[in-house]
2 protein chains.
Amino acid sequence: MTPRPVAVLVVIFTVSAGGLQVLLIRRSAEPFKDALSLPGGLLNPGESLQDAAVRKLDDETGLTDVFLEQLYTFSDLDGRGAVAVAYFALVDVSATHLARRREWLPGWCPVQNLPDLAFHNEDVIDYALQRLRAKLDYSNVAYSLLPEEFSLSQLQRTYEAIAGRPLDKRNFRKRILSLDIVEPTGRVASEGRHRPAQLYRFRERKPVVF
Amino acid sequence: MTPRPVAVLVVIFTVSAGGLQVLLIRRSAEPFKDALSLPGGLLNPGESLQDAAVRKLDDETGLTDVFLEQLYTFSDLDGRGAVAVAYFALVDVSATHLARRREWLPGWCPVQNLPDLAFHNEDVIDYALQRLRAKLDYSNVAYSLLPEEFSLSQLQRTYEAIAGRPLDKRNFRKRILSLDIVEPTGRVASEGRHRPAQLYRFRERKPVVF
DNA sequence: CCAAAAGTGTTGGCTGTACACCCATGT
DNA sequence: ACATGGGTGTACAGCCAACACTTTTGG
């Protein structure tokens with residue numbers, strides 16, 4: 001048993017409906033048939049871990065050019081044998097095209113009140129959430145959760161959904177602007193029936209650490 | 001090739017001779033026979049990743065109760081096929097008993113001026129060093145690099161060896177003491193031919209984050 | 001004119017950094 | 001007596017958190 005099955009798991013987060021959501025699928029095979037779990041699967045021959053994670057993410061969301069990072073490698077999720085390398089990804093819900101399978105559809109689930117999941121996948125999600133919260137404080141990862149153009153209020157709502165608590169508006173804007181990770185586009189958003197908002201975009205659409 | 005060989009690698013750091021050192025071995029088998037590399041090996045049947053890393057660490061140093069953390073999982077170190085899960089460990093050099101094999105002995109090598117290593121192991125060490133430097137700033141990991149009792153000057157030298165730059169003595173002491181991670185033992189060190197130093201010990205001999 | 005969200009500054013506390021001298025010991 | 005490392009305090013600057021009102025728009 002020295003050569004072992006190697007799988008990748010992907011924790012795909014998005015912010016939607018004011019909350020942080022994670023993508024779950026319904027398993028169509030044993031073990032844990034019909035239980036909910038994270039998307040994942042075995043490596044193809046010759047495939048690297050990163051490639052497998054990108055492939056899985058693409059399968060489920062149709063996206064490839066988003067934040068995707070290795071999280072942790074588990075060897076005890078199925079009790080024995082298999083090694084599972086977990087990744088986590090951040091996607092803009094408005095850009096995703098969820099897979100439409102004959103079997104149970106994948107769907108978004110709020111990270112508050114997760115149901116019971118196969119293979120202790122709750123632990124994997126908890127770990128990913130910790131990492132995401134930490135990275136929010138010292139990197140621009142949120143670029144991958146929003147459309148190209150967005151208002152500072154939208155950005156703040158995204159941060160609040162992840163942090164799980166309200167943030168002070170003036171302090172938030174001061175901090176984001178002083179970090180110089182976003183720039184105004186010159187355009188304004190007329191969406192909503194309220195005062196139009198200045199739109200911004202991230203200077204870099206790839207991970208940057210402060 | 002879906003089931004794959006799974007190996008663990010261990011980056012074992014210590015501070016000695018005023019510098020940060022890493023444990024290297026000389027390979028006795030192909031590929032890269034006779035090249036230097038990190039210690040590592042395949043998982044035994046039924047063994048978890050953590051268990052394999054602990055076993056490897058014990059093989060090389062005789063230590064088991066030290067800081068050991070998963071680092072990253074590589075799938076391209078040997079060009080193809082094998083998956084290598086890297087761990088990193090911190091040991092007190094005065095407590096280690098290096099393995100004495102018939103083959104080439106393991107030995108400490110300063111992380112400044114590493115030689116060429118098998119399997120791009122330099123990259124693994126660089127990554128581990130980044131992580132170590134980061135953790136030094138927000139955790140008590142240094143507990144695993146020092147004997148039970150130590151002076152604040154010793155602790156400072158340890159921090160300086162890892163950071164790679166001198167630190168201000170008064171600021172260092174203020175910070176460490178205000179973090180409340182160490183406590184005085186009441187004993188003093190008469191070692192050296194100079195003024196005796198107050199000895200301290202870590203309150204927790206396990207990882208704590210600030 | 002009302003509801004809803006956008007936008008905007010100041011203050012006080014805390015934290016991190018720079019900086020220099022005296023003391024105890026062994027040789 | 002001198003060389004070596006141990007031990008100590010202050011002052012300034014930058015950062016973060018708390019806090020409330022005005023403006024613009026659509027309905």
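Residue numbers start from 1 in every chain, and the chains themselves are labelled A, B, ... in the order their sequence lines are given, proteins ahead of strands. The figures that follow rest on heavy atoms only: side chains count, while hydrogens, waters and symmetry mates do not.
For A:Q154 and C:dG7, the CD to P distance is 11 Å, given to the nearest whole Å. Atom pair A:L155:CG and C:dA5:P shows a separation of 17 Å (rounding to whole Å applied). Here the C1' atom of nucleotide C:dT8 and the CZ atom of A:F172 are 16 Å apart, to the nearest Å. Atom-to-atom, CD1 of B:I176 to P of D:dT8 comes out at 15 Å; the value is rounded to the nearest Å. Distance NZ (B:K169) to P (D:dT8): 10 Å, rounded to an integer number of Å. One can place CD of B:Q198 at 19 Å from P of C:dC23, the figure rounded to the nearest angstrom. Summarising the geometry, the separation between CZ on B:R175 and C1' on C:dT17 is reported as 12 Å, rounded to the nearest angstrom. Rounded to whole Å, the distance from OH on A:Y138 to C1' on D:dC16 is 20 Å.
Taking 4.0 angstrom as the limit, B:R170 places none of its side-chain polar atoms (N or O) nearer than this to OP1 or OP2 of C:dC19. In terms of phosphate contacts, A:S153 brings a side-chain nitrogen or oxygen within less than 4.0 Å of OP1 or OP2 of C:dA6.
With respect to A:R26 and A:D34, no salt bridge is recorded, no charged nitrogen being found less than 4.0 Å from a carboxylate O. Salt-bridge check for B:R201 with B:E183: passed, with a basic side-chain N closer than 4.0 Å to an acidic carboxylate O.
Checked against the 6.0 Å centroid criterion, the rings of B:F150 and B:Y200 do not qualify as a close aromatic pair.
The side chain of A:H194 approaches C:dA5 more closely than any other nucleotide in the set C:dA5, D:dA17, D:dT8. Closest to the side chain of B:K174, from the set D:dT25, D:dG9, D:dG7, is D:dG9.
Using a 4.0 Å heavy-atom cutoff across all strands shown, A:R173 reaches at least one base atom of the nucleic acid.
Toward the 5′ end of DNA chain C lies the nearest nucleotide of A:D168, the other residue of the pair B:N171 and A:D168 mapping further downstream.
Contact of A:R195 with C:dA5 (side chain to base): no donor-acceptor pair of N or O atoms is detected under 3.5 Å.
Considering every non-hydrogen atom in both B:Q156 and B:L167, the closest pair reads NE2-O, 2.8 Å.
Partner of B:Y72 under the side chain to side chain contact (heavy atoms under 4.5 Å, CB included) criterion, out of B:F88, B:Y87, B:Y127: B:Y127 alone.
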